[in-house]
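This report refers to the structure that appears directly beneath it.
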There are 2 protein chains.
Amino acid sequence: MNPASAAETAPPSSGPAAAKAAPDDAAQGVPNRGRRAARPSGDERQRAILVAAERLLGEKDFADVTIDDLARGAGISRPTFYFYFASKQAVLLTLLDQVAHEAEKRTADVFSDLSAAPSAAWRKAIEAFAGTFAAHRGVSVAAAAARSSEPELAAEWATLTNRWIDATAAAIGAERDRGASPAGPEPRLLASALNLLNERVITAALTGLEPTGPALRAPALPGAVEDTIETLLHIWLTSIYGAVPADP
Amino acid sequence: MNPASAAETAPPSSGPAAAKAAPDDAAQGVPNRGRRAARPSGDERQRAILVAAERLLGEKDFADVTIDDLARGAGISRPTFYFYFASKQAVLLTLLDQVAHEAEKRTADVFSDLSAAPSAAWRKAIEAFAGTFAAHRGVSVAAAAARSSEPELAAEWATLTNRWIDATAAAIGAERDRGASPAGPEPRLLASALNLLNERVITAALTGLEPTGPALRAPALPGAVEDTIETLLHIWLTSIYGAVPADP
DNA sequence: CACCCTCTCGACAGGGTGTTGACTTCATCA
DNA sequence: TGATGAAGTCAACACCCTGTCGAGAGGGTG
C-alpha cells in the first residue's frame, strides 16, 4: 500500500515498511520535478499533507485540526510532519499562497473593458473576487480566522488583498480621469473600503452563521447569492459613480 | 460539578431551551454568564476576572491569554477560575454582553432626526458604530477573532450586529417611504452589507494601528481616522440615496 | 563497500485545559 | 452553642497538543 496515494487510514504498524517496490513510478509521463524514489518522495508527502489539510478544512475549523490529523491524513507520523512544515500555520500559509497564485490569473484582465460597459465590468470584478473565495472556501475561511493570531498569515493575506485594492484604485482613478465618475474619496481609500466590504460579506456568506440578511439565511432559496452580489454591485457602482447629495 | 459549568457549558445535544437564566440577574439587562450570584466576595472576584480580562486583551491576543493569566490577574488560582466561568470564552462572552448593553444606549436615538439633516444623521450613526468598537477595542478585536471558532460567540456577535442592521434597514425603508431615497436593493440586504462594511473597516483600523492605546482617538496620522469615516459615510450616502447609472 | 543525505518515528519535555476531592469559612438555625 | 450545609478555594491529577531529539532505515554515489 502506498501511503502517499490514497491510503487514508494510516497503518500504525511501524514494522516493515510495506511500500517498498514501486520501481517504475518515474517512467510515466509526469516528470516529478526531477526527484523520484522507491518510497514516496518528499514532494509527494508534502503534497499529501496539503491535500489532507484542504480536505480537513472543509470538514472542521482550522483550530480543531491537529497536526496529528494532518500527519495521519498524509500517511505519516506526527514527527515526520515537522520534516515538511514547521507548523500548522505554515501549511495554511502554503495553501494561501496557492490561492493567491490562482487568484492572480483569475483577476488579471478584469478591468480591461471598463469604458465600454462599466457596470458589466465591475460585476465581473466582484464575481471574480467572490469566485476566488468560494473556490477555496475552507482555506479562505481558515485564513481569515487565523489571520488575527498569526502575523505571517496576516501579512500574506494583506498582500493578496492589496493586489485587488491596487487594481480597484487604478480603475477608479481611470474612470475619474475619463470623466465617467465624479470626484470623491481618495481612490485607494475607497478601493480599500469596497474590497474589505466584499471580503467581509463573502466570508460571512461562506461561513453561513452570520448576519447577512434574510436571503443568505436560507441558502436553499434560488438567487440568494445573486442577490448578495447584486447588493455589492449596487454599493460599488453608486459609491464610484454617484455623488453625495447635499443636506437640505 | 461546579454550579457555573453546569449552566454555561451547554452540550450541543442537550435541551434546546438551555439559556434559562438564573432568577437573580433581573437587576440588569446583561445576562449573567458566570456564576449565580450569591456572596459579595464572589461578585468581586467575578468582576476582578472581567477587569483582568479586559486589561489583558489590551495587551495581547485573546489566544495568548491563558486561564492562568486571568486567574492570577484576579488574585485566585486556576481551578478557582472555573468556579466563576466555564472557560476563557465564557469570559469574553460576558464582556461582549457588556459591550452590547452599552452599545444599545449609544445607538438608541441615532436615527431620530433623519429627515431634517440626513447626512449629519448617518454620520452620527457611523460614528456611534465606530465609537462603540473603539471604546472596547480589546473586546471587539478579540470577539471578532474568536467568533470563527466559537459558535456561542458568533451568535452573540450576530445578535449585536443584527440590532444595528435592523435599525439601519428601518431607516433606509423610512427614507424610501418619504421619497428621499430611490428604490434599490432590499433594505435589509443593503443594511447588512453596509454594517458588515463598517465592521470590517473599523476592525481593520483597530488591528492595523498600534497594539495598545486608544487607536481611534490618537492615530499615527492625524486625520487618518476622519478620512476613513468620511469614506464610509460616502459609501453609505451614495448607496442609500444614489441610483445605479445605466450602462451606455 | 563506505559514506552521506534524505527521510522516518519512538520517546520525551513542556505547557495548556478541565476535573476531583478534600479543605476552609461563614451564615443560619435548632 | 454547636451542628449543618452551602459557598468558596486550591493542590494534584489526567489528558491533549505541540515541538524536539536522537537513533536509526534506505537509496544514491564514489
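Values reported hereafter were calculated over all heavy atoms of this structure, with side chains retained and with hydrogens, waters and symmetry mates removed. We name chains A, B, ... by the order of the sequence lines, and we start the count at 1 in each one.
In this structure, the helix from C:dC1-D:dG30 to C:dA30-D:dT1 shows an angle of 20° between the axis at its start and the axis at its end, each fitted on 5 base pairs and rounded to 10°.
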In 5'-to-3' order, the base (B), backbone-only (S) or no-contact (-) status of each nucleotide in nucleotides 12-19 of chain D, using a 4.0 angstrom heavy-atom cut-off, is B----SBB
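A search for side chain to side chain donor-acceptor pair (under 3.5 Å) contacts involving A:Asp97 returns nothing, not counting sequence neighbours. Under the rule for a side chain to side chain donor-acceptor pair (under 3.5 Å), A:Trp164 has no partner lying at least two apart in sequence or in another chain. Residues meeting the side chain to side chain donor-acceptor pair (under 3.5 Å) test with A:Ser140, sequence neighbours left out: none. Taking A:Arg137 as the reference, nothing meets the salt bridge (Lys or Arg N to Asp or Glu O under 4.0 Å) condition, with sequence neighbours excluded. Partners of B:Thr66 by side chain to side chain donor-acceptor pair (under 3.5 Å), not counting sequence neighbours, listed by chain and number: B:Asp69. In this structure, the salt bridge (Lys or Arg N to Asp or Glu O under 4.0 Å) partners of B:Asp68, at least two apart in sequence or on a different chain, are B:Arg72.
Protein atom CZ of B:Phe83 is 17 Å distant from nucleotide atom P of C:dG18, rounded to whole Å. Between B:Ile76 atom CD1 and C:dT25 atom P the separation is 18 Å, expressed in whole Å. In this structure, A:Phe85 atom CZ and C:dC7 atom P are separated by 13 Å, rounded to whole Å. To the nearest angstrom, C1' of D:dC10 lies 12 Å from OH of B:Tyr84. Residue B:Phe81 contributes atom CZ, which lies 18 Å from atom C1' of D:dA11 at whole-angstrom precision. A straight line from CG of B:Leu70 to C1' of D:dC10 spans 17 Å, rounded to a whole angstrom.
OP1 and OP2 of D:dG8 both lie 4.0 Å or more from every side-chain N or O belonging to B:Thr80.
For residues 125-136 of chain B, the set of pairs meeting the side-chain hydrogen bond (donor to acceptor under 3.5 Å, both in side chains) definition, not counting sequence neighbours, comprises B:Glu54-B:His136, B:Glu102-B:His136.
Remark: A:Glu199 engages A:Arg147 in a salt bridge, criterion side-chain N to carboxylate O under 4.0 Å.
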